[in-house]
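Note on naming: letters A, B, ... go to the chains in the order of the sequence lines (proteins, then strands), and numbering restarts at 1 for each one.
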There are 2 protein chains.
Amino acid sequence: MSRELIDRFNQHVSQLRNLRQTAQRDLIARTFFENTGHMSVEELHQKVRQKDPKIGFATVYRAMRLIADAGLAIPRSFGDGLTRYEAAGAKRHHDHLICKGCGRITEFVNDPIEELQTQVATKHGYKILDHKLELYGFCPDCQETQ
Amino acid sequence: MSRELIDRFNQHVSQLRNLRQTAQRDLIARTFFENTGHMSVEELHQKVRQKDPKIGFATVYRAMRLIADAGLAIPRSFGDGLTRYEAAGAKRHHDHLICKGCGRITEFVNDPIEELQTQVATKHGYKILDHKLELYGFCPDCQETQ
DNA sequence: ATACCTGCAAATGTTTTGCAATGAT
DNA sequence: ATCATTGCAAAACATTTGCAGGTAT
């Protein structure tokens, strides 16, 4: 599964004449897709550095923008000031439950909600490109300690 | 309507022994509640400066945090890097349609969606505190020019 | 040789904080 | 007098950009 996305990224890069496939980009993409999503750039940078300590964060930022431009990752910002990227493309659309206690992020899919969203947009004459639904609260584990 | 929120804010401030009501806070709260929501701190700062040019942005940031702590404003971040505040309290919960063309923000309320969200959270064992639903697309006006 | 990439450092943009001066109680 | 508040500047924070050196074509 992660292999497919890495291949798609490499394919995307090689199709553009002014882009090159490099060891750094490959490593970053590989690390990103091999880990389950919602990684901040800093987290990804640290993971990447375990394999190649010389890679700077600017390179990670640039690579993630490339991957996002290729449509293979989606930038998201949950409450904290960080941008987190989420793998896209293979997985279908989903929304998020975010725990305010431990920060755990759970994904869910709910078709009736999607359907109602489309209805709302149509009613207001909007043409929807994208949407974002986030539920904030306490997960089962954190409810005990609260 | 905005009067009620200003009063509630003043009441909140006066109840805490270590907080004082000041002309700056009053002006900032007044300006914020008198304008329709979704203002960034910088926008608010500019509006406030029209009435009192000496007010610095740190004061506006601090005042908005106070107002938010009082539960009378909610910080939101739509795609751009800015935090926007939205008046809360008097108005009931609502969600947002955001135009990617002109940036216009339309509010809407949809009870069935709220209901489904609660169901999803319950199914995952989460206790929901808050949620955020944003639909991004083109508003009627911007569809013509696209 | 050309042109893209990298890594570093510096710049950017937003938000926070330290501090001396001010103002209220 | 005390103590919160202000405004300014500096700091902190995530992210972007400029640039010299390196590397692939």
Does a side-chain N or O of B:Gln24 approach OP1 or OP2 of D:dG7 to a distance below 4.0 Å, or not? yes

When we call it a touch if two heavy atoms are under 4.0 Å apart, what does A:Ser40 touch: a base, just sugar-phosphate, or nothing? nothing

A:Thr22 side chain N/O closer than 4.0 Å to the phosphate oxygens (OP1, OP2) of D:dA24? no

Got a sec, which pairs hit side-chain hydrogen bond (donor to acceptor under 3.5 Å, both in side chains) with one end in residues 62-80 of chain B, sequence neighbours left out? B:Arg76-B:Glu86, B:Asp80-B:Arg84

Nearest heavy atom decides the nucleotide; on that basis, is A:Arg20 or A:Arg65 closer to the 5' end of DNA chain D? A:Arg65

To the nearest Å, how far apart are A:Ile55 CD1 and C:dA9 C1'? 18 Å

Between D:dT6 atom P and B:Phe57 atom CZ, what is the distance in whole Å? 15 Å

Starting from C1' on C:dT25, measure out to CG on B:Leu19 and report it in whole angstrom. 15 Å

Sole residue of A:Glu107, A:Glu134, A:Lys132, A:His131 in side chain to side chain contact (heavy atoms under 4.5 Å, CB included) with A:Asp95: A:His131

Rounded to whole Å, how long is the line connecting atom CE of B:Met64 with atom P of C:dT17? 17 Å

When you measure from the side chain of A:Asn18, which nucleotide among C:dG7, D:dA9, C:dC4 comes out closest? C:dC4

For A:Tyr61 and D:dT16, is the shortest distance between a side-chain N/O and OP1 or OP2 below 4.0 Å? no

Rounded to whole Å, please give me the gap between CZ in B:Arg76 and P in C:dT14. 21 Å

Check whether more than 12 heavy atoms from other residues, nucleotides or ligands sit under 6.0 Å from atom NZ of B:Lys127, and answer yes or no. no

Distance, rounded to the nearest Å, where A:Arg84 contributes CZ and D:dT15 contributes C1': 15 Å

Just wondering, do B:His124 and B:Val120 contact through their side chains at under 4.5 Å, heavy atoms? yes

Which nucleotide in the list D:dC19, D:dG7, D:dA4 gets nearest to the side chain of A:Arg62? D:dC19

Please report, rounded to the nearest Å, how far the P atom of C:dG13 is from the CD atom of B:Glu42. 10 Å

Measure CG/B:Asp26 against C1'/D:dT6 and give the value in whole Å, please. 16 Å

Among the candidates C:dT14, C:dC4, D:dA9, find the nucleotide nearest to the side-chain atoms of B:Leu82. C:dT14

Between C:dC5 and A:Arg25, is there an OP1 or OP2 to side-chain N/O distance shorter than 4.0 Å? yes

Comparing A:Gln21 and A:Arg49 on DNA chain C - which has the more 5′ nearest nucleotide: A:Gln21

Does any N or O in the side chain of B:His38 come within less than 3.5 Å of the main-chain N or O of B:Thr106, such that one atom is a donor and the other an acceptor? no

Side-chain N or O of B:Thr59 versus OP1/OP2 of D:dT5: is the shortest distance under 4.0 Å? no

